[in-house]
Amino acid sequence: MELELQPLNLPSDKERLTVIAGPCSAETEEQVMTTAMQLASKGCHIFRAGVWKPRTKPGGFEGNGEIALPWLQHVKEATGMLVGTEVATPEHVELALKYGIDVLWIGARSSANPFAVQAIADSLRGVDIPVLVKNPVNPDIELWIGAMERINQAGVKRLAAIHRGFSSYDKKIYRNLPMWQIPIELRRRIPDLPIFCDPSHIGGRRELIAPLCQQAMDLGFDGLIVESHCDPDKAWSDAKQQVTPDVLDYILSLLVIRDETVTTEGITTLRRQIDELDNQLMETLAKRMRVCREIGHYKKEHNMTVLQTSRYNEILDKRGAQGALCGMDASFVKTVFEAVHEESVRQQMEIVNK
């Protein structure tokens, strides 16, 4: 289905960029107000704070719940900022609306559960409020789109996505792998859907926030949702990924916002070259598959297995090294040839099993 969307109508902080900022958790009224006042003085228009905090393991700070909602009301009254928080149950939605919360978002753990999303959607029927949906913890674009479809079918038209990265057992640089190709595909499928980047959860470390923000801008994201705390080192949750309002302001001041409306005449010739090369690439792949099918017939005639592991490993090692020499990332080349090999095996299996 196509999403029926309306503009979010959220204020922008810099050119077309919408920034939602505030602490991971609403810890105390003093902490909330101090952070909010500092952010407001830097020109921030939308304040965020977690009221209910779903933690990976029990025992950590899981939010103050309803007690913290009047603090957000006070932020609105004192600063004029809009306020937002995460909701995970119909009860959360009811309380957030009761206290005049302006923006809601659905977290990664909730968006991975269609039952939870549907319950939230049902509680939002008849409500006109911006709802942002974080990607599920696992890299599943269909699940992500499905969550937004459920919210949209409930009548919520001011809808946006939040890219917060994807969980991985193999932790390297990032807390959650960016896997930019997934939000890029989301933009291709739903061009009018605003997409926010959550550099705090992708990076997991404050030194990664600035480069991740710039990457999001380079990819044409519409906004950022960033965790900012008046005293990050003393934060009760996710201390390592929060920055002070001063640091956030500095990060935003350095961002280069790309112009999406500039004419493309200057790159038309280069794009024609890309199209020509893509055509050549498709022709070469077709020739390769024809040879693979001939090999399939040979394997069938000689009762050979389709998968020849030693040959497969040889291809991956050789082409990975060749790709590196040609200025390409070895893992990229490996991914390409894994896909090519998968299609080759599929075609040979058809031949062998006829």
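Position 1 is the first residue of the sequence; numbering continues from there.
- Taking the side chain as every heavy atom from C-beta outward, Cys213 and Leu255 approach each other to under 4.5 Å.
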**OP:** Tell me, with the steps shown, if Asp128 and Lys157 meet salt bridge (Lys or Arg N to Asp or Glu O under 4.0 Å).
**Re:** CA-CA 8 Å; Asp128 179 22; Lys157 299 177 182 178; over 6 Å; no
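- Put simply, the side chain of Ser200 does not reach to within 4.5 Å of the side chain of Gln242, judged on heavy atoms.
- Using a 4.5 Å cut-off on side-chain heavy atoms (C-beta onward), Leu104 and Pro130 make no contact.
- Note that CD1 of Ile162 is 11.5 Å distant from CZ of Phe221, once rounded to the nearest 0.5 Å.
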**OP:** Decide yes or no on ring pair (Phe, Tyr, Trp, His ring centres under 6.0 Å) for Trp71 and Tyr99, but give the supporting numbers first.
**Re:** CA-CA 10 Å; Trp71 306 344; Tyr99 285 91; over 10 Å; no
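- Formation of a donor-acceptor pair under 3.5 Å by the Asn152 side chain with backbone atoms of Val156 is found in this model.
- Counting heavy atoms from C-beta outward, Ile295 and Gln348 have side chains that approach closer than 4.5 Å.
- Side chain to side chain, Gln31 and His229 meet the donor-acceptor criterion of an N or O pair below 3.5 Å.
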**OP:** Evaluate the criterion salt bridge (Lys or Arg N to Asp or Glu O under 4.0 Å) for residue pair Arg187 and Asp192; output intermediate values, then yes/no.
**Re:** CA-CA 8 Å; Arg187 171 58 51 84; Asp192 296 330; over 6 Å; no
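- Looking only at distances, no side-chain donor or acceptor of Asp102 sits under 3.5 Å from a matching main-chain atom of Gly84.
- No donor-acceptor pair under 3.5 Å is formed between the side chain of Lys76 and the backbone N or O of Leu82.
- Thr85 contributes a side-chain N or O that, together with a main-chain N or O of Val51, makes up a donor-acceptor pair within less than 3.5 Å.
- Side-chain polar atoms of Arg175 and Gln241 form a donor-acceptor pair below 3.5 angstrom.
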**OP:** Might you work through the salt bridge (Lys or Arg N to Asp or Glu O under 4.0 Å) test for Arg189 and Glu185, ending with a clear yes or no?
**Re:** CA-CA 6 Å; Arg189 294 197 197 181; Glu185 173 63 11; 2.9 Å; yes
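- A salt bridge links Arg206 to Asp233: at least one charged side-chain nitrogen sits closer than 4.0 Å to a carboxylate oxygen.
- Scanning both residues, Arg158 and Asn9, for their nearest heavy atoms gives NH1-CB, 4.0 Å.
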Please list every donor-acceptor pair under 3.5 Å in which a side-chain atom of residues 333-346 meets a protein atom from a residue at least two apart or in another chain.
| unit_1 | atom_1 | unit_2 | atom_2 | d |
| --- | --- | --- | --- | --- |
| Lys334 | NZ | Glu338 | OE2 | 2.5 |
| Thr335 | OG1 | Ser331 | O | 2.9 |
| Glu343 | OE1 | Arg346 | NE | 2.9 |
| Glu343 | OE2 | Arg346 | NE | 3.4 |
| Glu343 | OE2 | Arg346 | NH2 | 2.7 |
| Glu343 | OE2 | Gln347 | NE2 | 3.0 |
| Ser344 | OG | Arg288 | NH1 | 3.3 |
| Ser344 | OG | Val340 | O | 2.9 |
| Arg346 | NH1 | Glu350 | OE2 | 2.8 |

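- In terms of heavy atoms, Val83 sits closest to Leu72 at CG1-O, 3.6 Å.
- Side-chain contact check for Lys42 versus Leu248: every heavy-atom pair is 4.5 Å or farther apart.
- With hydrogens and angles disregarded, a donor-acceptor distance shorter than 3.5 Å links the side chain of Asn353 to the backbone of Met349.
- For the residue pair Gln118 / Asp122, a side-chain donor-acceptor distance below 3.5 Å is found, with atom types taken as modelled.
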**OP:** Take His92 and Glu86 through the test side-chain contact (heavy atoms from CB on, under 4.5 Å) and record every step on the way to the result.
**Re:** CA-CA 8 Å; His92 293 171; Glu86 177 180 345; over 6 Å; no
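- The 12-atom threshold is not exceeded at CE of Met37, counting heavy atoms of other residues, nucleotides or ligands nearer than 6.0 Å.
- Within the 4.5 Å cutoff, the side chain of Val75 has heavy atoms near those of the Met81 side chain.
- For the pair Ile120 and Val131, the minimum side-chain heavy-atom distance is 4.5 Å or more.
- Side chain of Asp222 to backbone of Ile195: a donor-acceptor contact under 3.5 angstrom is found.
- Under the 3.5 Å distance criterion, with hydrogens and angles disregarded, a donor-acceptor pair is assigned to the side chains of Thr89 and Glu91.
- Each of Leu186, Ile182, Ile184, Ile202 was evaluated against His163; a single residue qualifies, Ile202, per the side-chain contact (heavy atoms from CB on, under 4.5 Å) test.
- Counting only N and O atoms by type, the side chains of Gln322 and Arg319 include a donor and acceptor under 3.5 Å apart.
- Using a distance-only test at 3.5 Å, with no hydrogens or angles considered, no donor-acceptor pair links the side chain of Asn176 to the main chain of Ser168.
- One finds a salt bridge joining Glu227 and Arg48 here, because a Lys/Arg side-chain nitrogen approaches an Asp/Glu carboxylate oxygen to under 4.0 Å.
- Annotation: side chain of Gln273 is in contact with side chain of Leu270 (closest heavy-atom distance under 4.5 Å).
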